[in-house]
Amino acid sequence: MNRLRLLTATALLTLSGAAGASTVPHWVASWQASPQPVWGGAFLFPTLVPAALQNQTFRQTARISLGGPRLRVRLSNAYGTQPLRIGAASVAARAGDIPQPLSFDGQPGVLIGPGQERLSDPLPLATDNRQALQVSVFVPGPTPVQTFHWEGRQTSWIAPGDQSLAQALSGASSTTARLFLAGIEVEAAANTRSVVVLGDSITDGATASLDQDQRWTDHLAARLAPRGVAVINAGISGGRLLRNGMGESALARFQRDVLDQPGVASVVVLIGINDISWPGTAFARSQARPTLAELQAGYRALAEQARGRGVRIVGATLTPFAGALPGTPLDDYYRPDKEVLRQQLNAWLRTDSPFDAVIDLDAALRDPVAPSRMAAAYDSGDHLHPGDAGNRAMAEAVDLEVLMGPSTRGVDLP
Ligand SMILES: *[C@@H]1O[C@H](CO)[C@@H](O)[C@H](O)[C@H]1NC(C)=O
């Protein structure tokens, strides 16, 4: 047997929980939109959501990565300061299908306490891999919007009254932010697992085509679904490793968005470019740039937490950004001294990282002739975020065996 075959065999054993694995189905995370606190009016970007909803239905589309015979949804009041009253919620198997009502302990509605989230009862709605569901949530009373996911890259709808069971909404307005829905889990075969991708706007899909599921995680999900592996996107635009800003830091949300998700076997970490670039810009004028040692310590802390839970953790080099965000108030996002830090961090990731493996996404996207820049074919045009072709190239650069190996560094077969 050659080396590749050996590695594949190991990976499959690891994924299926090795000999004696139970055949009982279990719940596996199949989709996520990581919750963020809604920011106040002074921030650079509009929130894209009303300050409050009342007697309104919010409908959104979510393409799950793996299907199953039953599903349940996770609704979040993570950053709410008062209880969130859900009057009704539903799932349609496809856009335009008749929505099926969800229940919570047998009731159509639920009260979610401040800082809490809530899983629905299991809904016997069979789904296929990569199926785009529609989830609707009706809120009856005055509902301040304090928790959201800003960069949905997907059109969502706000409609008057309780239209949670309507096939087609009437009187709706749209937004590209997400509300209420934080995750979708499916019941799946015992050997099914998830890979979580923890990241920033590059993972969240900024500049990927709207409503087209062109995030790099969507392309990765298409590759992994035939193997019974889900991919869940824990990207938050503007997200940072060490500091809060647009969303909590990766360190602060690692437990909730990664380790607490059911069925997680691996996590991919692609975060840090905003740590390097935000300080001094209109995002964070008075903040100091973290040092290489501080960034390394942050990655080490993630690796320790993952290992403590038996979750494999895979790093990724930070992708090129020379000339980023031209013609915007953030045109100082890139500077040569920031590039020096990115190169130092990437060199360390390639040679001495604390992770079980590292995916070289910098190498996948850079221009070979000018390696501090993204290759033009992969660039969305803002020199920071990949376009659809770049997102696809990132997913194709991943050796799938690297994602599925064992969770402790140093035990891979030679
Ligand atoms: C809720 O909205 C619907 C649709 O606009 C309206 O018909 C209904 O009267 C409203 N209910 C309350 C309690 O305001």
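Atoms within each ligand, like the ligands themselves, are counted from 1 in listed order. On a predicted model such as this, the values are computed, not experimentally measured, just so you know.
With sequence neighbours excluded, the residues forming a ring pair (Phe, Tyr, Trp, His ring centres under 6.0 Å) with F283 are F43, F45, W278, listed by chain and number. Listed by chain and residue number, nothing satisfies the ring pair (Phe, Tyr, Trp, His ring centres under 6.0 Å) test with F254 (two or more places apart in sequence, or in another chain). Legend: residues meeting ring pair (Phe, Tyr, Trp, His ring centres under 6.0 Å) with Y334, ordered by chain and number and at least two apart, are F321.
There is a side-chain donor-acceptor pair under 3.5 Å between R74 and Q261.
Remark: R342 engages E339 in a salt bridge, criterion side-chain N to carboxylate O under 4.0 Å.
For Y79 and W39, the ring centers sit 6.0 Å or farther from each other.
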Which atom pairs, nitrogen or oxygen on both sides, join ligand 1 and the protein at under 3.5 angstrom?
unit_1: ligand 1; atom_1: 2 (O); unit_2: N55; atom_2: ND2; d: 2.3
unit_1: ligand 1; atom_1: 11 (N); unit_2: N55; atom_2: ND2; d: 2.9
unit_1: ligand 1; atom_1: 14 (O); unit_2: N55; atom_2: ND2; d: 3.4

